Structures are given as structure tokens and as C-alpha cells.
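See structure below.
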Number of protein chains: 4
Amino acid sequence: MADTTRPSLREYGIAIGELPAGPVNAITDVAGVAVGHAGLSDGPVQTGCTAVRLHDGHPFREKLPAAVHIVNGFGKSVGLTQINELGTVETPIMLTNTLSVGTAATALVRHMLERTPEIGEATGTVNPVVLECNDGAWLNDIRGLHVQERHVREALDAVGATVTEGNVGAGTGMSCYGLAGGIGTASRVVPVKRRHHVIGALTLCNMGRLRDLRIDGRPVGVSIASRLGAERDSRDQGSIIVLIATDAPLDARQLRRLAVRAAGGIARTGSHFGSGSGDIVLAVSTAERIPHTPPADPVTTRRILHEEALDPLFRAVIESTEEAILNALLAARPRTGKHGNTRRALSEFADLLGP
Amino acid sequence: MADTTRPSLREYGIAIGELPAGPVNAITDVAGVAVGHAGLSDGPVQTGCTAVRLHDGHPFREKLPAAVHIVNGFGKSVGLTQINELGTVETPIMLTNTLSVGTAATALVRHMLERTPEIGEATGTVNPVVLECNDGAWLNDIRGLHVQERHVREALDAVGATVTEGNVGAGTGMSCYGLAGGIGTASRVVPVKRRHHVIGALTLCNMGRLRDLRIDGRPVGVSIASRLGAERDSRDQGSIIVLIATDAPLDARQLRRLAVRAAGGIARTGSHFGSGSGDIVLAVSTAERIPHTPPADPVTTRRILHEEALDPLFRAVIESTEEAILNALLAARPRTGKHGNTRRALSEFADLLGP
Amino acid sequence: MADTTRPSLREYGIAIGELPAGPVNAITDVAGVAVGHAGLSDGPVQTGCTAVRLHDGHPFREKLPAAVHIVNGFGKSVGLTQINELGTVETPIMLTNTLSVGTAATALVRHMLERTPEIGEATGTVNPVVLECNDGAWLNDIRGLHVQERHVREALDAVGATVTEGNVGAGTGMSCYGLAGGIGTASRVVPVKRRHHVIGALTLCNMGRLRDLRIDGRPVGVSIASRLGAERDSRDQGSIIVLIATDAPLDARQLRRLAVRAAGGIARTGSHFGSGSGDIVLAVSTAERIPHTPPADPVTTRRILHEEALDPLFRAVIESTEEAILNALLAARPRTGKHGNTRRALSEFADLLGP
Amino acid sequence: MADTTRPSLREYGIAIGELPAGPVNAITDVAGVAVGHAGLSDGPVQTGCTAVRLHDGHPFREKLPAAVHIVNGFGKSVGLTQINELGTVETPIMLTNTLSVGTAATALVRHMLERTPEIGEATGTVNPVVLECNDGAWLNDIRGLHVQERHVREALDAVGATVTEGNVGAGTGMSCYGLAGGIGTASRVVPVKRRHHVIGALTLCNMGRLRDLRIDGRPVGVSIASRLGAERDSRDQGSIIVLIATDAPLDARQLRRLAVRAAGGIARTGSHFGSGSGDIVLAVSTAERIPHTPPADPVTTRRILHEEALDPLFRAVIESTEEAILNALLAARPRTGKHGNTRRALSEFADLLGP
């Protein structure tokens, strides 16, 4: 369902790319995808977690094809090795701060064990996927390990079709281009013969240097930095997590190709993929569910899109990633955290945004 | 068709592994695969090339899923980058010596251009695949670049179901475990429910140190070295190329998993994957042909084997790779090459082979 | 210091490879490396954790070059992404069961935070490295998540130069080739001009099918299986973790090349790298410590071994990995776990071991 | 030496990025790097080759650290496998059209054999590096294989410090964003404490869709497409090769990190990394030469830049890559090729370029 209170680039006359957005311009335009937040915002505690459910079935018993692309691997994400090997994801995706990945992984394991008595008994183990950015560089007391297992459960329980954006959930204490950052989302619709396919992006944005920020190519960051008179945070560090979901029938190899393109969307907003940044992309297709238990005849058939039809999907990945980052910035609110550190919000510079 | 003159490990009471071999115990047990040689053996010229046709259709218009695993990348093989990206192979596979890959690639391009007028006009280019080992370390005058385009065409024209083994074709001047090396092949049959699938291996063997040779685990190389009194070639260098073909319906990601296992088969024969060795595995499935031109509806269906059914195929890869290497050694004949350098043949030590 | 009570392959007349072992034939022959266990063995709870300290300094402020090779990625290990990117390791290495990696990661983070006030404040975050195998397939109630943060601290506190082997620590509930498995270690000494370098391996062994077990090439597993009359566990699943440490000055790229060779050592013991196995190798060099904080002049010099000198190190990796696996089997004791499941020990079949 | 006739973005008031360019704003600002062209332009024959010498010594006997990043692997480049394994380059780099890589590789092998009698005799083989784009999609009769070995030698003989840009050498028949494309170059100077380091980029540009072209973020391609009334070439295909050279002391792992960033520079000019595009980056450091023959003591020391100092180099890679692409477009001249196909030049739309 559409979020009518959501700020929009279009209000500023900005349209990213040429493909149309989906109905709510969010990753949840991909049927079955749902997002939930649990945020902690109290003085020096500015953190949280965000859960992304990928389909409405049982994620372990019905896995989805998935692939990872690591633009820059200064990151502590959990679960990527097995995705690379088996090309599937089998849990909801959890986002949180860097030092809380252990807690989030354990909570996600418990969540799966409760729903899947065969794990660790009649069958093998489960591969929790937890992605992260470091909110401790400016706003959050990350050393306090404030995210608890109950917050992870809370985010999992909160998943729904409406995606709240900005510095909420895992994005609560995040910074992006020297401003308040966090969660953003966008989608694109790609015609493929008589059908169409949806590409949705969700980004956890915690990277970039203010002066580098570009909006649809225009150097807005320079303008904001000029007005602020100085720039405290001169390094392009932090991290960005990009989730790409699509209902197009793609295998893991093709999804990796999609994931690679997300780097293009990140680059267009100005990032230089700083050395200390964990820039990680996870792409998932919801079109075909792969049963954990092999059927009686282990040779099955799967739908798959011909390679020659991928180009518009690549474009959609770049456009939706670029817009999701900008949507995170646009939705974020000014934030004060540990040591009284503050982040201004992009919305405070509305006069500098338009063409 | 079976080659009744072919030497066999079984004559020595040796059976590698537990799975049964296919009808001719060769990569050509995978229907459609055919192999041809062109060898040059004249004094210091001890080299050649070997062509492997993967199916009886047009390889560019009907591509096959494929994947590469590089155990050690000290190699100059051509065409691997595109296989990694697109997961397909679109030409016959050519094997030759290291410095002739350019000539072989050009000849393979011409071969494809002649048969495919749309390449470079109505459609894009073609990705020739040429794999190589260095026969110049001991027997061949590799600096002479003796392989000509006509030899490559000759090998392509010679492809058939019978695989001649030993120091023939690309293997003419190769050495393996300090003995005459070259081309070997083997196959295994894997039951999958009511069907069975065939795994075939073809190896171009040019690696290893004599003392390290193991036959079904037994240190035969030590025995041979003792008899010879000394070992000239004390380094584990050279290279090995392994081709794995199967009629099981696998995608590129699964084929990469198969290719990884070939390293196990190599290791069991004693190799330490020397630093100067190009140890490269290419795996191909013949089950599904992928059209170059997308169909009217680009969403197609493909058969694919469930991941849980892969284990016996992994075993088959290891067993057939191990046996193919031993078959190369068993079939090779003593060889004299440049500078009067010679290689003894394993068959000269028949009394040391049995259990 | 040598462990005089330790069983030895040499007692059975078995010598793996041709290189000499170090003084205690353990990973701790690499100066500075220390190992500690915390085991839980009580009815259905058969699990634990093992800590490996890589040098006696501060691991975060003085990092070590490191690299990962993933033979088969059916695994949930934590921390590999950053090692791949930055080529360094900055914490002790923790081993535990698959579902306890979250708890172990959190405990390792706390361990580092306590010793490093600058993490998350004056500098970035820390990358905990936790590797795992699944002990829940047969002996341990892995669903109970019995490893607590205090057990992780206990293992970290227990590190020392003597490595207890067998089903202890993280290996308490592990199975290997259908027998009791767990922790094993071995080392090799490699002459390099007037110096020598040490390669040490530590393995957490939880893979393999009984019939496949080979000891120095001989099919001991077949013999044991024959005596037992039947084989319960017919699949090659489970996992193996291999740690390689060396005092040779190698960079991350070279260490990755070493890590690749460990697969050869695994293969020689009989494993087929089953689809459901997480076979992961981590290699570390202790020769050069890389400061977290850049020096005044960020251009520094580092010692590095010339590529042409790597071959004997590759051999040492294969030999020490092969022997470490066998040492784990030899040291393990019979074990009973959940549901009354039992594992026999290799030492019960001593008469089948010798040549 | 500066090329005073060279067109410049600065004439149009355009400055890419914030770092200063080197003296000639070319890859040859990295001392020792030299570039030479051999072009063939005659009716339907619009192709050629370009040689890049990396230092003024013997490239095989004194290798340079190098790394590859493959953004999209729809390409037929030669020599990348060994660079990935050994982290070095040992020949000049050759650029040409896709179907001529075999000929160029053979010519490069001959060039090296003539200068290095030990190759293939006292030592192993040589790894020729040939990178390519497909000029046959519009202007060149690529099926004719018109590049001969003598053209490759001609380019090698022509290397010098002045880099002619545009549709010359390997770029003769290339198209970029639907306009005449080809060779471009740029450089950046990065202060590192009291020193500075130079990053140089050379691009072979053959990718992109006209409407997507951005110049410093502004949608110039849309303006040009509007004026032209229609766009013939609506797909983002083709390819781009990026060479990055630097005099900063970096190892292969760090160079791979630099290479990854080049994708950011490509993305900023508008490319979507089309499925049929071979987008390949090769990065080389000239600071330390690695001898082919190991010294008496194989443990040597090498200078290396601390990881924390890489960020400005990443920025320099993105800026110089972006500018090199634009320089290629700016220097290219209108071109007519096979079938009377034509490409307009960016310089014909000078009034649309400025801010």
C-alpha cells in the first residue's frame, strides 16, 4: 500500500532514470516481500534492526535463488559464503549495526528453529543472513551492543508491505554523505514481452562524504557543504547494504550480474567506495521457490529468463538503487546521538535540491 | 565404440573408486562428445593439438552450460572470462601447447566464422576456448611455434567417438610425474532414481614429480624412482587441464561445484599443485542447449538436478579424473624430443603397478 | 612443549609425506600461536569451542596477513568477507558448532572491546572470525545452543602451546569418516636457503564417509567398515575447517595459494567434498605484523618470500593437513551423545592401521 | 610531453572531480609508461591495435604487480588468469579488436621470445596480455581479421610518452555512447605525506547508449539524441577496457581494490554495464619491480602503502577513468566504415557540452 506521507523526489522535480516505478516505488512492489523495523533511539543509543521477509511461505523449506556482490568487503556480514556456494537464501534478511551481527544471527537462528523442528535433527543446519553498517562512527554507542535478541524478533514480527524510510530500524543511527542516513527504497517496472517484471531495491545507507553527494548528477553536496561552511566528516567511509529483489525468473549467476550493477547506482550518488566501507549487494528472485527436500524425481524444471533479456533489468537495478539512496536521505530526520553528535537532514536543504 | 587395444588399469588389478565406468570408459560416453587429435612428432618438434566437440549441433547457436575452476592459475588459457560471466561455452574446446594458444584461438575463430555468417554482423563476436600446457620444459621446441592453423583444423576435422590416449595430439610432448604424459580419459555412471547420468573426464597431463606418483594410493612413483636410481625432474611443475562433461542437467553454478572436485582426483595421483602449474578444470553439461537467439518468449524452462542429488556426481568427477590421469600415463609411449631429452613410459614399469 | 601422552601415527609405522615435522608436530610450532579449548560433554550436549591465538601481541593493533580458500561453501563461518578484502586477521580465531557462531562472534567482540577502547570510538569496528562445523548431525543437541559466551571466554583464557587433540573443545561432538572426529594438528619444517620456515595445520574434522577413509593411501576405511558389518552414515557430509599458520613472510595473495593446497591434504584422506560440507581453509603468516594505525610515513617495507620459493611450502600444507586429520581421528575417543547415538574411535581399530 | 593540440574538457568549463591532473593529464604521467598505436582505416577496415609499455626495463625479467577486475565478463581478453594467480604482468599490454586477440597474442609472444632467449628453455613460458573490444558491431569488418602480426609489432615500436586519443590505434573503429569512441587518457596527482603519487588511466571506449551519456553529471546524451531526432543504436553494448597505472607502491590485492573503483568512473559517464559488454579493468603499479629470477636470498623487502592511505587513490581512479572516457569522445573524429555506417563525433556538438 502506498505511504501518502512519504516525501518524494518528484516533489522537487527530480526523476531518476527513465523506467517507471512500481505502485508504491518500494521493494515491496515485488509480491511477497515485506519489511519491518525495530529502532532504539535514546541519547547515545541510536541503533536498531530491520527485517526483510522475502516471500510469504516458509523460507527454509522453500528457498529462493540469491547471489551476493561485494563491492568493498570491509564488512562483517553473516551468511554470504553459503549463498555463494548454493545460490539460495533460506531465512529472512536481517540488517543491523556491525557489532550486533552475532546477536542478530543467534536471534534469527532461534526464529528459524522455532518454526522448523527438522533443522539440526532430520536435516542440516540453517544459514542466517545478517548484513550490517557501522553506526558507531558518529551517533550510536555501538560498543554498548544495545541490540538484543528481542529487538530482532520485534523487527521480524513487524514486517509488512509499507516501508518506513530514513533513520529508522537498522538505519536509526546511520549517516550518509555527512547527513542523516538510513533506510531507503525504490522500484522499477521492466516490460518483458507481454509481461512486466518488477525490480525493487532497499538500501541501508551509511557511506559517503558530503561534498561528493550528487542528485541526478547535480553536485548538491557541494552546495550544502558551502552553506554549512565546513565539513566535519571528510572521509568516504561507513558502508552501504543494497538488497535487490525481483519477480523475474533468474538463477543465482544472473542475480550476481544484477547485484554487480548496483555499484553503478551507488557511484551515481557520489560515493567513491571508501576503503573502510562495507559495500555489499544481495540480489534475490522470488519467481521460483526451490524446495529444501528434493522431490521424488530430483530433475525438475525451472523458468529462467534468457540472458539477452537482462539489459533492462540491469538498468532497473541502477535506477532503483540510486533512487533508494536518495529516498533514504530525503526521509531521514535530524538526529542527535552519543557525545551530543548531530546529523543534519537533507530535507533541511530543500531549496538546494531542485534542478 | 570401445578401443580394444587400449591398455587398462584393470589388467593390473587396479580399480579406481567404486562407481562403474561407462561403456567405453571415456568422455565420449557422454552422448555427442567427440575428440580429435593432430600431433607433430619430429625430432625437437613434439607437440600438437586436440579438439573436443561437445555436441553434434551448432555450438554457437546452441550453447551449453559450462563453468571453470582454476586450481592454480599459472596458465594462459583463452576464453575463461566469458564462461565465468555467461556460464556457457559456444565453440569446440581446443587443447594445445602454451605458446600456441594465439594460433589456436585464431584458427578456432576462423572455424566458427566459416560456419556462422551472423557472427560479427547480425550478432556479436564468438568466444574461442583454448586450454594449454607447456610441453617446452623437456621435449618440445615450444619457441618454434610449430602448431599452425591447419593443425587446428585437422584436429577439428578428426573428432570422433574413439579417444586415443597417451602422448598424442596436444599431449604429444607432455610429461607427467616425470614420465611420458598426455591425454587420458575415463567415465563413470551415476544412478539418479530410475535414470542414470554419465560423467566423463578428459585430462591433458603435464604435471607432477616422479616420486609423488600414487596409483590408487600406493606410492608407485617412489618405486620407479628407486629403480631409475635418480630423478632428473625434481619439481612439481607443468600443468594439467581437466575437461568434465556430463549429461546431467546442471546449471553453471553446479558445474563449477563439479569442477572444484576434480582437484581431489588430481591430488590423489600425487600432485602438489606446483606454483608453476596451470591446473584448470572446465565442466560442461550437455543436457540442455541454450539458444543464442532468444525465443519469442524469453522466459523458458530448463531441467535442473536438485542440489541434494549432486554428491554421487562429485564422487564420479573425482574417480574419473583420477583414472583419466592414470590412463594417460598407461597409454603413453617412451618419447625423445629436443636436445635428445627423453621420457620413459609408465608401461615400462608394469611389474611395479599391481597391488 | 611436547605432549608425551599423544598418540602418534609413527607408532603404527606411518609417515605422512617426506618433510620433517616441527618440534611438537603441531600448529604451535609456529612461534606465538596458542590453542585453547572449552568442551561441553554431558548426555545430549556434546559440543564446545576452541580458540586459536595467532601471536602474543594485540591482534587488532598488530594484524597478520591472512587469506581464505573455500573448497565448499556450505558453511556459516563469520569474518571471511573482510579477510578477503583487506588480507588481514585482527582477532583470535574461534571454532565452534554451526548454530553457535552468533554467540561466539558476540563473545569475541566483547573480548576485543574490553582490550581495545578505541574500537567503535576513535577507530572503526572489529572483524571477529568464527569458523564452524555441524556437530548436530549425530552427537550434539545443536538446537539447544548450548555454547554460551562464557565458554568462549574460557577457551580464549585457556590458550597455550600444547594442543590437546581429538573430540575436545569445538571438536567434542564432531564425527569424521563415520568415527569420532574433532581437533587435530601437525607441522612441517621447510628449508629455505640458510633458514627454515614452519608450516602448521590445525583441523576441525567433521566430514567424510567411513568407507572412503585412506591412511597414507591405504583404504583403511573399507577394512573398518567390513569389520563393523554395516555403515550407518553413508553420506560424505559434515564439514572441515583447516587453519594454516606459517612464519614465512607471505602476503595475502600467497597465503590464498597455500590455502588452496589444503584441499589436496583433505582429498588424500578420502573426502569427496560432499555437497553439504563446509570445507574452509584460513591461512595466516606471523612473519610481519601490520599496524592498525598507519605510521607517519604510510609507505613501509615488508619482507616477502619470492614466488619461486613457494613450492616446498605447498607440499608442507598438504602433508600437515593430511596428518592433522589423521591425528584428530587417532586421538579421538569413543563418544555417546544425543538419542544415545555413538561414534567409535579409530584407536579401537589399531590392528588395521599399520602398513 | 604535453600535446598542445589536444582538445580539453577545460575549454568547455568542465572539470572532472577535485584532484589535480598530472603534467600531461595522461597515463604517461606515470614514469616509464609509454603508448603506441597502429591503426587501419580504409573503407570497411576500421580497426587496429594499441600497445602500452609499462616500464623501460625488460618486462619479463622485471615484472610489475598487477590485478584485474572484471565488471562484466562478456569479453575475450587474454592473460587474465595468470595475473589473478601471480599478481604480476610480464609483457607490454596490447589492445585490439575482439577477433584479433589470437593474432595479437602470437605477435606478443614472438616479441617476447626475440628479446628473451631463456623463455621456453631455461625457464617457463610467457603470459601475453591482450585486451579487446568489438569494433565489428558498426564500423569495422571484424570478420576479415585485418590486424596482422606486423601491425602489433608496429604499435609496440611506436610507443612513446605522447598519447594520441580518439578513434586511433585499437580505437579506430570503436563507438562510445553511439558516437565515435576509442582511446582516452587522464591522470590525477595524489598527495601522500610529503610525496605525491600519480594515477593514470587509459581507456578503450566502445560502450554505452547515446541517451545515457553524462558529462560531469549533466545529461548531454539526451540533448544530442534530441537534436539527432532519433537514436539508431538503442542498446548499451560494446565494451570498455580500462588500464590504471600508478607509481604508488601497491601489491596485487590493493591494485585489485583500485581496479574495482574504475567501475565508478564508468558509471558516472552513464553506462549501465550492458550484458553484452566486456568491461575489464587492469591495474598496475610501477613502484617495485619483481625479478623473474629469485635472488640468492628469496626473502626480499618491498615497499607498500598502508591500507589507510588508499582512499585518495580510489578517488583518483574514479576521476581519471571518468575523464579518460570523456577525453576519448572529445578527441574522436567522425568516422565512416563498413556498409557506409557512420559515427558522429562529440566535438560536433560542442555547443551542448558546457555547463
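Values below: all heavy atoms of this structure, side chains included; hydrogens, waters and symmetry mates excluded. Here the structure is a predicted model, which means the values were calculated and not measured.
In terms of heavy-atom pairs under 4.5 angstrom with chain D, the leader among B:Ile70, B:Ile119, B:Leu80 is B:Ile119. With chain D as the partner, the residue from B:Leu108, B:Val130, B:Ile280, B:Leu145 showing the most heavy-atom pairs under 4.5 Å is B:Leu145.
Within residues 98-106 of chain B, the residues having any heavy atom less than 4.5 Å from a heavy atom of chain D are, in residue-number order, B:Thr98, B:Leu99, B:Gly102, B:Thr103, B:Ala105, B:Thr106. Residues of residues 83-93 of chain D placed with any heavy atom under 4.5 Å of a heavy atom in chain B are listed by number as D:Glu85, D:Leu86.
For the pair B:Val78 and D:Lys76, the minimum side-chain heavy-atom distance is 4.5 Å or more.
D:Val126 touches chain B through backbone and side chain together, each having a heavy atom under 4.5 Å away. Using a 4.5 Å cut-off between heavy atoms, B:Asn72 touches chain D through backbone and side chain atoms alike. For B:Val68, no part lies under 4.5 angstrom from a heavy atom of chain D.
Remark: B:Glu132 CD to D:Thr125 OG1 distance equals 6.5 Å, nearest 0.5 Å. Atom CZ in B:Phe74 sits 8.0 Å away from atom CG in D:Asn127 (nearest 0.5 Å).
With respect to D:Arg143 and B:Glu118, no salt bridge is recorded, no charged nitrogen being found less than 4.0 Å from a carboxylate O.
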